[in-house]
A.B. asks: 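Next up is a structure, given as structure tokens.
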Amino acid sequence: MSNEMKQLAPFIHTEKSAPYIYLTFLAALVPCVVYAIFYYGLRAAILILFCMITFVFSDTFCMRLTRRRTGDYFDLSSLVEGLLIALMLPPDTTLLTALTAVLFASVVTKQVFGGAGSNIVNPACAGRLFIELVWPTGVQGFSYGESNSKMELLSLIVQKQPDTLPSYEHLSLLELLSGNYPSMIGTACIICLVIGGIFLTLKGTIRLYSPISYLVTIMALYPVSMLIETKSFSFDGLIIYILSSGAVFVAVFILGDLTTMPSRFASGVFAGITCGVLTLITKPFLAPVVSVLAPVIAVNFMSFVLDFFSKTLSRRKIRSREVDVS
């Protein structure tokens, strides 16, 4: 048997195990968690812990109910997905609303398909999109992180009146980069997102094909979109949209998912471009969160097909990107 055949054998695996990958995602999200707690106080900390713990309990219960083996390690994917849901919630979201998102993400989009690694769509993305569609008033609790509200906990139990988000046009570049404006608790601080993205890249636990092509597509086509929509375009509007829409968070932590996004270069780039185009097409007609998350779900359903058609390159000459051969 030749050395080439040995290298391409299906029993050779990457050194990056699932727990390692999810652990790096948790570490990459730490800056976002610190920002959320610093800016929104105790209510953000409770939301984060609640989503993570309930996601773990839900996954564990489903696995015991279906008598599936949980493996020889703790499923860190539950913690990551619960954390992602929490970071995509407004600060004044009730625990009941958060629980609805967690249960939909855990039971419907993850456990029904076989658990971690078998889900077709990103569970956190699906759970957040679900409550946005079926319970829109439950996810409109946006507020500033004033010092006198850092201990405010009543909003976790009683649904507050929906607030109208202020215009972001008056915000400075520093405010946009630091996340000093009403938004989801963990998606606004671009500095934290960039730090997390760099960390994942250095650890090799994120594929950059889709995230980069997604952001490039939005930046390239946004002027065309605005000219069609409003007959005008400003560079400041592009910067504000990129930094405040949640697109950077989606690019780093959702489109970089190794399970639900295409694994090959060509299919990953195509998926990122498609997601960016769909985001701009739906932006005038849908709520901001829906226009950002719904295209991700659509691309997730396409991932298998895209990977299948991208395998036209000869396997005899090109080594699989999923295999690390030293």
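Remember, predicted model here, so these are calculated numbers, not experimental data. Only this structure's heavy atoms are used, side chains among them; waters, hydrogens and symmetry mates stay out.
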A.B. asks: For the residue pair Tyr40 / Asp92, report whether a side-chain donor-acceptor contact shorter than 3.5 Å exists.
C.D. replies: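 Not at all, the side chains of Asp92 and Tyr40 share no donor-acceptor pair under 3.5 Å.
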A.B. asks: Please verify the inter-ring angle class for Tyr35 with Tyr39; under 30° counts as parallel, over 60° as perpendicular, anything in between as tilted.
C.D. replies: parallel
A.B. asks: Parallel, tilted or perpendicular for Tyr222 and Tyr241, by the 30°/60° rule?
C.D. replies: parallel
A.B. asks: Report, as yes or no, whether the 6.0 Å neighbourhood of atom CZ on Phe104 holds more than 12 heavy atoms from other residues, nucleotides or ligands.
C.D. replies: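 Result for CZ/Phe104: enclosed.
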A.B. asks: Distance alone, cut at 3.5 Å: any donor-acceptor contact between the side chains of Ser77 and Lys110?
C.D. replies: yes
A.B. asks: Search all heavy atoms of Cys275 against all heavy atoms of Leu255 and return the closest pair with its distance.
C.D. replies: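 Heavy-atom minimum between the residues: SG-CD2, 4.2 Å.
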A.B. asks: Same hydrophobic cluster for Ile198 and Ile195, using side-chain heavy-atom links shorter than 4.5 Å among ILVMFWY?
C.D. replies: yes
A.B. asks: Under a plain distance cut-off of 3.5 Å, with no hydrogens placed, do Asn119 and Thr109 share a side-chain donor-acceptor pair?
C.D. replies: no
A.B. asks: Indicate if Leu258 and Phe265 have the same hydrophobic cluster label, given that clusters are the connected sets of ILVMFWY residues with side-chain heavy-atom separations under 4.5 angstrom.
C.D. replies: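 They do share one cluster, since a chain of ILVMFWY contacts under 4.5 Å joins Leu258 to Phe265.
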A.B. asks: Are Phe55 and Phe57 connected in the hydrophobic side-chain network, where two residues link if heavy atoms are under 4.5 Å apart?
C.D. replies: no
A.B. asks: Taking Ser210 for the side chain and Gly268 for the main chain, is one N or O donor matched with an acceptor at less than 3.5 Å?
C.D. replies: yes
A.B. asks: Contact between Thr100 and Phe130 at the side-chain level, heavy atoms closer than 4.5 Å - yes or no?
C.D. replies: yes
A.B. asks: Do you know which two heavy atoms are closest between Ile254 and Asn122, and how far apart they sit?
C.D. replies: CD1-OD1, 4.0 Å
A.B. asks: Taking side chain as C-beta onward, heavy atoms only, is Pro295 less than 4.5 Å from Thr274?
C.D. replies: no
A.B. asks: Are the side chains of Glu132 and Leu293 in touch, meaning some heavy atoms are under 4.5 Å apart?
C.D. replies: no
A.B. asks: Group every Ile, Leu, Val, Met, Phe, Trp and Tyr by side-chain heavy-atom contacts under 4.5 Å, then state whether Leu49 and Ile85 land in the same group.
C.D. replies: no
A.B. asks: Are Met261 and Tyr209 packed together at the side-chain level, in the sense that at least one heavy-atom pair is separated by less than 4.5 angstrom?
C.D. replies: no
